[in-house]
Amino acid sequence: MGAASNAGSRLPFPVSAPRAHHFRQARSGSMTHRLRFAPSPTGYLHVGGARTALFNWLFAKHYGGQFLLRVEDTDKARSTAESTRAIFEGLEWLDLMWDEEVVYQGANLPRHQADARTLLDENKAYRCFCTQAELEEQRKLAEARGDAFRYDRRCDRLPREEVARRVASGAPFVVRFRMPDGETAWTDLVHGHIAFPNRDIGEGDFIILRSDGTPIYNLAVVSDDIAMRITLVMRGDDHISNTPKQILLYRALGAPLPEFAHLPMIHGMDGKKLSKRHGATAVGDYQHMGILPQAMLNFLALLGWSPGNDIEVMTVPQMIELFSSEGLSRKAAIFDTKKLEWMNGQHLAMTPAAELAPRVAPALIARGLTTETELESRAAWFHSLIDLLKVRSRTIDDIVHQAVPYFGEAVTYDADAVAKQWKDRSAVRELLVAVRETLASIPEWNMPSMEHALHALAQSRGVGNGKVFQPLRVALTGVSVSPGIFDVLLLLGRERSLHRIDAATAVLATNN
RNA sequence: GGCGGUAUCGUCUAGGGGACUAGGACGGGGCCCUCUCAAGGCCCAAACACGGGUUCGAAUCCCGUUACCGCUACCA
């Protein structure tokens with residue numbers, strides 16, 4: 001439909017009215033939203049993470065508010081500086097920029113400990129001296145009985161003096177949060193009402209502080225989200241079962257509850273969670289494949305969100321305009337690179353050559369085909385080359401590949417093209433000599449002159465245009481696929497075109 | 001095992017009780033355009049997981065089953 005043709009301009013449709021279900025409506029009003037993307041730096045920026053970041057960012061842009069970035073580097077064993085940098089680079093490439101200073105969770109250790117201390121002081125948490133070995137034993141026992149393991153609170157029953165004695169003696173302990181009775185529920189922006197009976201939350205009184213004094217994920221997250229005044233926690237739905245624990249922590253800490261939105265996961269083509277096995281899963285992989293960031297964003301946005309009205313190809317401003325938390329889906333999506341490539345082709349076609357040039361040029365230069373100065377001196381020519389190639393490409397790499405014949409003096413003849421189009425070598429040679437003569441004699445090197453001359457030539461020989469154009473195409477480019485023959489002639493220019501035809505006839509003169 | 005979540009063409013999805021002969025897109029097949037390749041246009045194949053309800057009427061609401069996914073750590 002009209003999506004592609006309209007994508008570059010204004011929105012060709014009215015934005016549909018909000019749906020009736022109030023739980024799908026984002027909180028509105030004068031308050032300003034604060035959202036965050038909180039990756040742990042244990043690898044590259046994954047497409048799933050990128051999509052989570054995108055939705056957080058879109059929400060902030062559409063509804064108004066801040067998009068923040070927090071690096072969850074509390075897992076010292078797995079966190080690395082390289083990963084942190086890779087995440088920044090991925091986000092920067094996608095242009096998903098954050099509004100405030102990056103927060104490093106590891107730097108907030110004192111506050112995390114203070115929050116645990118508060119909970120301890122208010123008797124909402126207690127010290128547990130059980131060792132991991134003991135706990136493991138209890139788990140095994142529970143499993144043998146066919147029961148779900150739940151911590152039996154034995155340390156919560158320790159007399160005050162005993163706890164004091166053990167602490168004084170330096171016995172290691174963790175801090176456990178005391179799970180209250182009842183039920184914990186919330187209204188999820190994508191799932192609606194979700195409730196957990198408290199007795200089913202995890203293994204009972206969960207640990208919030210390790211024996212080395214560092215916080216467990218759920219405490220660190222809640223402490224930081226409170227400190228950052230986050231109003232909407234939007235993250236993968238693998239966190240649904242963490243949410244009741246976190247809600248309990250907010251309440252215990254006396255902090256206002258944010259809203260929650262749990263996004264569906266992204267799976268590989270086999271329906272399983274995306275992993276290395278599925279090939280490229282890092283956004284950097286796609287950057288290097290020649291995918292445009294706006295196409296990546298567009299594709300990712302459609303995985304788990306739909307603007308309705310059969311709209312698919314959108315610019316970033318259009319995505320912001322159309323974004324709505326009501327269009328979020330609950331179903332896990334499969335990452336299909338075929339559609340990503342198509343999407344990229346759409347974006348390539350609608351992106352001006354001037355904007356594409358800085359992405360194409362480095363690859364051309366790296367291949368030794370040209371230099372920066374040459375490209376700069378022939379900017380208009382370079383742009384028209386890109387315009388001709390972008391519509392027949394799905395990635396930047398495709399453009400680069402197809403651009404090869406337009407640089408340098410010599411052409412490399414593709415064996416298949418030669419075999420097919422230059423089958424009768426002497427006849428083709430004779431034809432090309434005639435073509436050369438015709439082109440050499442046209443008054444001006446422009447489209448109408450060339451068209452007129454070459455059509456006349458074909459007609460006089462009683463053959464179809466293709467019979468002339470295809471052998472010529474091979475002579476000019478070395479391949480049998482290219483933009484229209486007159487565009488090629490124009491791109492190459494009179495001198496180089498004629499030279500290449502001469503070179504081809506010379507080659508054809510030799511037997512093989 | 002327990003708890004939670006999800007279920008529409010192969011894939012992304014529209015759908016919110018009657019407008020459904022279930023729409024669009026990718027991919028696949030065909031045709032048109034045409035100097036090749038793209039792009040574009042047209043056409044075809046292709047889905048409501050299953051079983052019960054509720055209702056005059058269910059893809060849509062309820063229950064169950066099944067399947068898949070997630071969580072079930074002193075990981076995040």
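Small disclaimer: the values here were computed from a predicted structure and weren't measured. Residue numbers start from 1 in every chain, and the chains themselves are labelled A, B, ... in the order their sequence lines are given, proteins ahead of strands.
Here rU13(B) presents its C1' atom at 19 Å from NZ of K338(A), a figure rounded to the nearest Å. One interatomic measurement links the two molecules: CG of D237(A) to C1' of rA7(B), which rounds to 13 Å at whole-angstrom precision. One atom, CH2 of W305(A), and another, C1' of rU13(B), lie 12 Å apart when rounded to the nearest Å. Taking atom CZ of F299(A) as the reference point, atom P of rU13(B) lies 9 Å away to the nearest angstrom. Residue R330(A) contributes atom CZ, which lies 12 Å from atom C1' of rU13(B) at whole-angstrom precision. As rounded to whole Å, 14 Å separates atom C1' of rG5(B) from atom CG of N242(A). The distance between atom CG of L302(A) and atom P of rG24(B), rounded to the nearest whole Å, is 16 Å. One interatomic measurement links the two molecules: CG of L457(A) to P of rC35(B), which rounds to 15 Å at whole-angstrom precision.
Below 30°, between 30° and 60°, or above 60°: for W186(A) and F196(A) the angle between ring planes is below 30°, a parallel geometry. Using cut-offs of 30° and 60° on the angle between ring planes, the pair F299(A) and F335(A) is perpendicular. Below 30°, between 30° and 60°, or above 60°: for H455(A) and F486(A) the angle between ring planes is above 60°, a perpendicular geometry. The aromatic rings of F55(A) and W305(A) stand perpendicular to each other, their planes meeting at an angle above 60°, with 30° marking the opposite boundary.
Picking from rG40(B), rC74(B), rC12(B) the nucleotide with the shortest atom distance to the side chain of Q346(A) gives rG40(B). Here the nucleotide nearest the side chain of E312(A), chosen from rC74(B), rG5(B), rA25(B), is rA25(B). Side chain of D336(A), nearest nucleotide from rG10(B), rG24(B), rA76(B): rG10(B). In the set rU11(B), rA7(B), rU36(B), the nucleotide with an atom closest to the side chain of V481(A) is rU36(B). Closest to the F196(A) side chain, of the nucleotides rA7(B), rC74(B), rC3(B), is rC3(B). Considering only side-chain atoms of Q470(A), the nucleotide from rC35(B), rG23(B), rC74(B) that sits closest is rC35(B). Closest contact between the side chain of I485(A) and the listed nucleotides rC35(B), rA7(B), rG70(B) involves rC35(B). Residue R139(A) has its side chain nearest to rC74(B) when only rC37(B), rC74(B), rG5(B) are considered. Side-chain atoms of V391(A) lie closest to rA38(B) of the nucleotides rC35(B), rG23(B), rA38(B). Closest contact between the side chain of D200(A) and the listed nucleotides rG2(B), rC35(B), rG27(B) involves rG2(B).
For K331(A) and rU8(B), the shortest distance from a side-chain N or O to OP1 or OP2 is below 4.0 Å. Contact annotation: R394(A) side-chain N/O to rA39(B) OP1/OP2 distance is under 4.0 Å. Regarding contacts with the backbone of rA76(B), a side-chain N or O of T74(A) is found under 4.0 angstrom from either OP1 or OP2. For the pair H191(A) and rU6(B), the criterion of a side-chain N or O lying under 4.0 Å from OP1 or OP2 is met.
Counting distance only, with no hydrogens placed and no angle test, the side-chain atoms of S241(A) and the base atoms of rC3(B) include no donor-acceptor pair under 3.5 Å. Side chain N218(A) to base rA76(B): no donor-acceptor pair is found below 3.5 Å.
Look at D225(A) and R70(A) and you find a salt bridge, because one of the NZ, NE, NH1 or NH2 atoms lies within 4.0 Å of a carboxylate O, short of that distance. Salt-bridge check for E430(A) with R461(A): passed, with a basic side-chain N closer than 4.0 Å to an acidic carboxylate O. Between E137(A) and R139(A) there is no salt bridge, since no side-chain nitrogen of the basic residue lies less than 4.0 Å from a carboxylate oxygen of the acidic one.
Note on Q132(A): a base of the nucleic acid sits closer than 4.0 angstrom, heavy atoms only. Among the heavy atoms of the strands, none lies under 4.0 Å from T42(A). Using a 4.0 Å heavy-atom cutoff across all strands shown, S211(A) reaches at least one base atom of the nucleic acid. Nucleic acid contact for G345(A): none, since no nucleic acid atom lies under 4.0 Å from a heavy atom of the residue. Nucleic acid contact class of A333(A) (heavy atoms, under 4.0 Å, all strands): sugar-phosphate only. Within 4.0 Å (heavy atoms only), P483(A) reaches at least one base atom of the nucleic acid. Looking at heavy-atom distances under 4.0 Å, H239(A) makes contact with a base. Across all strands shown, G308(A) has no heavy atoms under 4.0 Å from either base or sugar-phosphate atoms.
Between rA39(B) and rG27(B), the distance separating the two P atoms is 8 Å to the nearest Å. Atom P of rA7(B) sits at a distance of 23 Å from the matching atom of rC20(B), rounded to the whole Å. Separation of the C1' atoms belonging to rC42(B) and rC33(B) is 11 Å when rounded to the nearest angstrom. Rounded to whole Å, the separation between the C1' atoms of rG29(B) and rU65(B) comes to 38 Å. Separating the C1' atom of rC44(B) from that of rC3(B) is a span of 47 Å, rounded to the nearest Å. Rounded to whole Å, the separation between the P atoms of rC74(B) and rA14(B) comes to 39 Å. Look at the P atom in both rC61(B) and rU8(B): the space between them is 14 Å, to the nearest Å. To the nearest whole angstrom, the two C1' atoms, one in rA76(B) and one in rG57(B), are 50 Å apart.
Residue-to-nucleotide proximity on RNA chain B shows that, of P215(A) and M265(A), the 5′-proximal contact is made by M265(A). Mapping A332(A) and S393(A) onto RNA chain B via the closest heavy atom, the residue that lands nearer the 5' end is A332(A).
Pair assignment for rC50(B) gives rG64(B), based on Watson-Crick or G-U wobble hydrogen-bonding distances that are each under 3.5 Å. Using Watson-Crick or G-U wobble geometry with both donor-acceptor distances under 3.5 Å, rC42(B) finds its partner in rG30(B). rC3(B) and rG70(B) make up a base pair, with Watson-Crick or G-U wobble contacts both under 3.5 Å.
Under the 6.0 Å distance and 45° angle rule, R176(A) counts as a cation-pi partner of Y151(A).
Contact annotation: the side chain of L348(A) never approaches that of M343(A) to less than 4.5 Å [non-hydrogen atoms, C-beta and beyond].
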